[in-house]
Amino acid sequence: MQINNGTLRLQLPNIEEATQSEIGEFRHTAAAMMKSGDVQHVSLELAEGQQWNSLTLAILRRFITQAKQAGADVDVSKLPEGAVKILSLSKDPISSLEPKKTEAVKFQPFFTVGTMTLNFFAGFVSLALFIIEVTGALFRLIGGKATFQGSDFKGFVKAAGPDALIIVGIVNLLLGVILAFMGAVQLQLFGAEIFVANLVALGHTREIAPMMTAIVLAGRTGAAYAAQLGTMQVNEEIDALTTFGFSPMDFLVLPRMLALALMTPLLVLYGDAIGMFGGYLIGVTVLDLGSLEYIIQSQRAITLADISLGIFKGSIFGVLVAITGCREGMSSGRSASAVGDAATRAVVNGILAIIIATAVFAVLASWLGI
């Protein structure tokens, strides 16, 4: 913000990232400079890459009114075309405002690929730093230096565990039924219907129950974490915690991560039982297998190592869901749309992390002979 040859160049700060005090200070400084009498022209523009919203329009409208009252001309050629059109339709239309002429955007493949590559590495570095901060918070908890409210932790445990029983049960029951049907179609050709029990028991405990339970939690709990922390960013509650000397990692992220890490393995065990029950229903009713025969065959199919592997996967998946959800919420912008975007990214990144981790576990299990 400066006056050069009678022209005041006003570049609005990023509304989503600036605090209320910073915006207020910018407005007061701009108003004082326009009232100084040294300004004949006012040039309005937005920060590079900034998305405009209703708050942006309100601030721009106020600057235009103040410039007119000071007898200065207003240049809006650097504003987005849509913003200029809406400003022109407001009360006391400004006929002198001309929308910015947009040029045809040329496709630049090298620039696009380069930008995507840089964004990928920047996101990777940001994720690594976040994991380091979470690890530090965990060590502080072990050392008795991290603090968070026990009532909050109990609420997170309830939301991540008991409140998810119905949806996790329905998903695993249907997957057990589907897996049994898929196996029966092929095994009936060889008269080996009894091995449906092996397929359901082994496949569900090692792969399906951990992965699908974690995916359900990513869409349910991970998105909720991102929305909660994003809303706290909008309301400047996280800034207030930092001001009062509380670590957001200790107070907000750590209890959420611990709740998911504790509850996900239990939900995986619950999903194992429900999924095998779904296969049992198909084996007994559709394939006409004996009830005791199916149960004994299922017991022979799986070992303690298979169940333990699924539980271990569940704990890792729970941590991944918590990290992706909390990271997106903590890095959310300060608007309603930014909170929605953070929740969407939390679900997408959480599911992607779960699938990648499942592939890694499959390779390691094969390599180790588990």
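Hydrogens, waters and symmetry mates are skipped; everything else that's a heavy atom, side chains included, is used. In this text the structure is predicted, and so the values were computed from the model without any measurement.
Hydrophobic clustering places F277 together with Y294 (ILVMFWY residues linked when any side-chain heavy atoms are closer than 4.5 Å, directly or through intermediates). Hydrophobic clustering (ILVMFWY, side-chain heavy atoms < 4.5 Å, transitive): L287 and I194 are in one cluster. When the side chains of ILVMFWY residues are joined at heavy-atom separations under 4.5 Å, either directly or via intervening members, I295 and L281 end up in a single hydrophobic cluster. Taking hydrophobic clusters as Ile, Leu, Val, Met, Phe, Trp and Tyr residues chained together by side-chain heavy-atom distances below 4.5 Å, M263 does not share a cluster with I274. Placement of L260 and F156 within a single hydrophobic cluster is found when ILVMFWY residues are connected by side-chain heavy-atom separations under 4.5 Å, directly or transitively.
Proximity of a side-chain donor or acceptor of T205 to a complementary backbone N or O of A201 within less than 3.5 Å is detected. Counting only distance, with no hydrogens or angles, the side chain of S366 and the backbone of V363 share no donor-acceptor pair below 3.5 Å. Although no hydrogens or angles enter the test, the distance criterion places no donor-acceptor pair under 3.5 Å between the side chain of T213 and the main chain of P210. For the pair T324 (side chain) and V321 (backbone), a donor-acceptor distance under 3.5 Å is present. Looking at D306, its side chain does come within 3.5 Å of a backbone N or O of T303 through a donor-acceptor pair. The backbone N or O of V168 sits less than 3.5 Å from a side-chain atom of N172, completing a donor-acceptor pair.
Enclosure of atom CG in L364 by more than 12 non-hydrogen atoms of other residues, nucleotides or ligands within 6.0 angstrom is indicated.
For the pair S335/V234, no side-chain contact is recorded, criterion being any heavy-atom separation below 4.5 Å from C-beta on. For the pair M232/N235, no side-chain contact is recorded, criterion being any heavy-atom separation below 4.5 Å from C-beta on. Residues L138 and L258 have side chains in contact (heavy-atom distance under 4.5 Å, counting atoms from C-beta outward). When side chains are defined from C-beta on, I167 counts as touching R220, because their heavy atoms get closer than 4.5 Å. Within the 4.5 Å cutoff, the side chain of F195 has no heavy atoms near those of the L199 side chain. Two residues are said to be in side-chain contact when any heavy atoms from C-beta on lie closer than 4.5 Å; M330 and I238 meet this criterion. Residues L252 and C326 are not in side-chain contact: their nearest non-hydrogen atoms beyond the backbone lie 4.5 Å or more apart. For the pair S331 and F130, the minimum side-chain heavy-atom distance is 4.5 Å or more.
Here the CG atom belonging to N198 is positioned 7.0 Å from the OG atom belonging to S298, to the nearest 0.5 angstrom. Put simply, CD1 on I323 and CD on E133 are 11.5 Å apart, with the number rounded to the nearest 0.5 Å. Here the CD1-OG1 distance, from I316 to T358, works out to 11.5 Å after rounding to the nearest 0.5 Å. Residue I355 holds its CD1 atom at 12.0 Å from CG of L320, rounded to the nearest 0.5 Å. The structure places NZ of K154 at 13.5 Å from NZ of K158, a figure rounded to the nearest 0.5 Å. In this structure, T231 OG1 and Q233 CD are separated by 10.0 Å, a value rounded to the nearest 0.5 Å.
With Y225 as the aromatic partner, R256 meets the cation-pi criteria of under 6.0 angstrom to the ring centre and within 45 degrees of the ring axis.
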Output, in order, the C-alpha distance, side-chain angles, deciding distance and verdict of side-chain contact (heavy atoms from CB on, under 4.5 Å) for S126 and R327.
CA-CA 9 Å; S126 175; R327 174 180 173 268; 3.4 Å; yes

Please lay out, stage by stage, how L179 and I208 fare under the test side-chain contact (heavy atoms from CB on, under 4.5 Å).
CA-CA 10 Å; L179 190 60; I208 294 180; 3.6 Å; yes

side-chain contact (heavy atoms from CB on, under 4.5 Å) assessment of V268 paired with K313:
CA-CA 9 Å; V268 169; K313 285 182 178 181; over 6 Å; no

Please evaluate residues L269 and I311 with respect to the criterion side-chain contact (heavy atoms from CB on, under 4.5 Å), reporting the C-alpha separation (whole Å), side-chain torsions for both, the decisive distance (0.1 Å), and the verdict.
CA-CA 7 Å; L269 273 177; I311 294 174; 3.8 Å; yes

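For the residue pair V200 and G176, the shortest heavy atom distance occurs at CG2-O, 4.2 Å. In this structure, G222 and A346 approach most closely via the heavy-atom pair O-CB, 3.9 Å. Residues S332 and A338 share a closest heavy-atom pair of OG-O, 3.5 Å. Taking each heavy atom of A218 and I354 in turn, the nearest pair found is CB-CD1, 4.2 Å. Taking every heavy atom of both residues into account, F153 and A259 meet most closely at CE1-N, 3.8 Å. A pairwise comparison of heavy atoms in A343 and A226 identifies CA-CB, 3.8 Å as the closest pair.
Ion pair D239/R334 flagged as a salt bridge, since at least one NZ, NE, NH1 or NH2 atom sits closer than 4.0 Å to an Asp/Glu carboxylate oxygen.
Under the 30°/60° scheme for interplanar angles, the aromatic rings of F361 and F317 are found to stand perpendicular.
Aromatic ring centres of F251 and F246: separated by under 6.0 Å.
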